[in-house]
Amino acid sequence: MSRPSALAGTIKAKLDKQDILLMSHIVLGYPSLEANREVIKAMVENGVDLMELQIPFSEPIADGPTIARANQASLDGGFKVKEGLQFIREVVAEFKIPFLIMTYTNILMAYGMEKFITEAADLGVKGLIIPDIPLEEATDLIAQSRQAGMDWVQLMTPTSQDERLVKIGAEADGFVYCVARRGVTGGKTAFDDSVGTFIKRCRVATHAPLAVGFGVRSPEDVAYLKGKAEIAVVGSAALDLHVKEGAEAVGQFFKGLRG
Amino acid sequence: MSKGYFGAFGGAFIPEILHQTFSQLTADYEAARADASFWQEYLELMRNYSGRPTPLTYAENLSKAHGNRKVYIKREDLNQTGAHKANNVMGQGLLVRRMGKTRVIAETGAGQHGVATATMAARLGLECTIYMGAKDVARQRPNVFWMEQMGATVIPVTSGSQTLKDAVNEAMRDWVGSMDETHYVLGTACGAHPFPEMVSWFQSVIGHEAKAQILEQEGRLPDHVYACVGGGSNAMGIFQGFLDHKEVELIGVEAGGLGLDGHNHAARIASGKSTVGIAQGYKTYFLQDGDGQMRHTHSVAAGLDYVGVSPILADLHDSGRVRFEAATDVEVIEALKRMVKSEGIIPALESSHAVAGALKELPNLKEDAVVIINLSGRGDKDIFTIADALGDAKWKAYIQERAAIYAAEKGEEA
Ligand SMILES: Cc1ncc(COP(=O)(O)O)c(C=O)c1O
């Protein structure tokens, strides 16, 4: 694959030093932008390799209760997209890991699709994850994203049929986000043979590295993924911990995740 | 035009995990639609179980009060469970049977759709879970009571604004994890393709009947047809009988709430304050802020309190085929009182919006105008809200008496 990717180089270089990479997820403005900055620092200092920054939306249909509630709380606290983008500009400059924006279609639409993509790339964001735009609707946006120098990260799920995985895989930039379980974010996933089989189906469908998420909560889960996937994604577990025990505990959690 | 689009609106903006489920549903729906015996089976069930065809009642007193103008009322309130919701739900129920699934979930605002779904589940032997905004649970207790009696599990949704849109999100989340055995019975002509088209198809029974009935009773088509618009299913239902007859004016009446000045309404189109967005699986006009966050809406009628609107109606608005108006809470209560007193018909608060819209315009219509009002449902369920709105002292005293009895019972138990 000769298509240029914003993330491919960094991922490859990091994999030379680590057997699996860690991607974390935070909801902007939850509990506050200040708290976000603190926990990002703790995450980066303790080995997180990539990070998803979620711009909150009032109707986050692909998110489970933990993240959905965080979205709502952030909005109730007065979060505005403009301030969120300014915050992203600052953290991208301060912390030297690749950041991705995760959000929903309507946020881009209200901002202006093209304008959002150009500005996000200009902020130094390396990729976009928009879970409610199916491949069929994304063609133009994928092209615009690539042109702006950003990766459009797609999702593969256990319910996607093989031929569809191939279609998604052919358009994959940077990495593919493999959803380990049928369901929304936040629940428990049993990392067993069925996940292994699913990851194998994803592997044959694309040349891109595989990130596996939804329910990764422990060093055992990450150990299971080593050798099978390139990236382990940790979202709700860290969010829960952050709320209960603070940023430092989150740092320690990530430090111990790779075993 | 690509599949599932109506002009610029519609589509299927769903997470990848649901892709296969929607593909299968679309295929099953299209097969059913192409199968004439399916529609026959549907009509038969509605006839024997739901009381169809519902009458088209001539509102003699309202008509007399308005010169020679004639007002007809399409009686969807006489359906099993008291609303047009039965049409959609029984249709989807037959589809669920075809698909071989064993469980249904639904979201509900007023509770009417929840009751209808629970009824269908009881009748067809399906497991049933209903998501309902916690605020709506509080104001529609009689409906919650019946859903539970019919064996459904009612889950109050405490996220967001705790109303219909949040119940939709919760139901969607359930479905993402349960689609193998579960069908999501969407309650209105909204959401991702094929729902707007499919729900409109089942509701079209209203319009086909109304057209035949008015031709029989009046010997001609009506001049104006009024329907309330929440998501838009009852409106789409009756409008479909007349869409091809350009001389029939179609009017959708939205919830004007406390008035269109602030944000305490749900008049997506009539207010002119909504913008095109993508949420809850489809593209339409939403009441949202500049960032694309959905606004809180308000209506005295829980079933109209929704931030989006059917993509089909959005398109019919843009093409000028349907005119949109709003009725405020105050106008709606007045219209309800008038309908009860002059015709002995108790309309739901939702349906009273259509009545209010028609009553406002009747004096200005041409002398021999023929008007149909779609009475989407009956108002029994709204007795608490209506009694509140009317400030009925005897009702309040009655509730206090009951409360005292329950409190005493509780004291004895303790
Ligand atoms: C009696 C009644 N009418 C109307 C509506 C609004 O829905 P729609 O616009 O889909 O007909 C509802 C919704 O719950 C309802 O219960």
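Letters A, B, ... mirror the listed sequences (proteins, then strands); counts begin at 1.
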For chain B, which residues from residues 27-36 of chain A have at least one heavy atom closer than 4.5 Å to it?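 Near chain B, by residue number: none.
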
Using non-hydrogen atoms and a limit below 4.5 Å, what part of residues 150-163 of chain A faces chain B?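 Interface residues of residues 150-163 of chain A: A:L155, A:T157, A:P158, A:T159, A:S160, A:Q161.
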
Contact winner vs chain A - B:V307, B:N169, B:V276, heavy-atom pairs under 4.5 Å: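 Among B:V307, B:N169, B:V276, the one with the most close pairs to chain A is B:N169.
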
Please walk me through it: do B:L186 and B:M198 pass side chain to side chain contact (heavy atoms under 4.5 Å, CB included)? CA-CA 10 Å; B:L186 206 103; B:M198 181 170 76; over 6 Å; no

Test applied, side chain to side chain contact (heavy atoms under 4.5 Å, CB included); reference residue, A:M113; option that passes from A:T118, A:D140, A:T105: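 It is A:T105, the one option of A:T118, A:D140, A:T105 that forms the side chain to side chain contact (heavy atoms under 4.5 Å, CB included) with A:M113.
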
Tell me whether the rings of A:F191 and A:Y224 are parallel (<30°), tilted (30 to 60°) or perpendicular (>60°).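 A:F191 and A:Y224: tilted rings.
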
Check the angle between the aromatic planes of B:Y184 and B:F195 and answer parallel, tilted or perpendicular using the 30° and 60° thresholds.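 Ring orientation, 0 to 90° scale: tilted.
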
Using a strict 4.0 Å threshold on nitrogen-to-oxygen distance, state whether B:K135 and B:D305 make a salt bridge.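 No, no charged N to carboxylate O under 4.0 Å.
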
Select one option (side chain, backbone, both, neither) describing which atoms of [X] are under 4.5 Å from chain A's heavy atoms.
| X | result |
| --- | --- |
| B:I17 | both |
| B:D174 | neither |
| B:M172 | side chain |
| B:A12 | backbone |

Sequence neighbours excluded, which residues qualify as ring-ring contact (aromatic ring centres under 6.0 Å, His included) partners of A:F175?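 If we apply the ring-ring contact (aromatic ring centres under 6.0 Å, His included) test to A:F175, skipping adjacent residues, there are no hits.
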
Who are the ring-ring contact (aromatic ring centres under 6.0 Å, His included) partners of B:F9, not counting sequence neighbours?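 So B:F9 forms a ring-ring contact (aromatic ring centres under 6.0 Å, His included) with B:Y285.
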
Tell me, for A:I168 versus chain B, whether the close heavy atoms (under 4.5 Å) come from the side chain, the backbone, both or neither.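 The side chain, not the backbone.
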
Under 4.5 Å from any heavy atom of chain B, what part of A:F57 do you find: side chain, backbone, both or neither?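 Answer is both: backbone and side chain atoms of A:F57 are under 4.5 Å from chain B.
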
Check against side chain to side chain contact (heavy atoms under 4.5 Å, CB included), B:D136 and B:T108: CA-CA 8 Å; B:D136 293 333; B:T108 194; over 6 Å; no

Qualifying residue, where the test is side chain to side chain donor-acceptor pair (under 3.5 Å) with A:E59 and the options are B:Q280, B:Q293, B:Q288: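 With A:E59 as partner, side chain to side chain donor-acceptor pair (under 3.5 Å) holds for just one option, B:Q280.
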
Using every non-hydrogen atom in the two residues, find where [X] and [Y] come nearest and quote the distance to one decimal.
| X | Y | answer |
| --- | --- | --- |
| A:G215 | A:D221 | O-OD2, 3.5 Å |
| A:S58 | A:Q72 | O-OE1, 4.2 Å |
| B:R173 | A:A68 | NH2-CB, 3.4 Å |

How about B:W175 and B:Y131: are their ring centres within less than 6.0 Å of each other?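 Judged by ring-centre distance (under 6.0 Å), B:W175 and B:Y131 do not meet the cut-off.
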
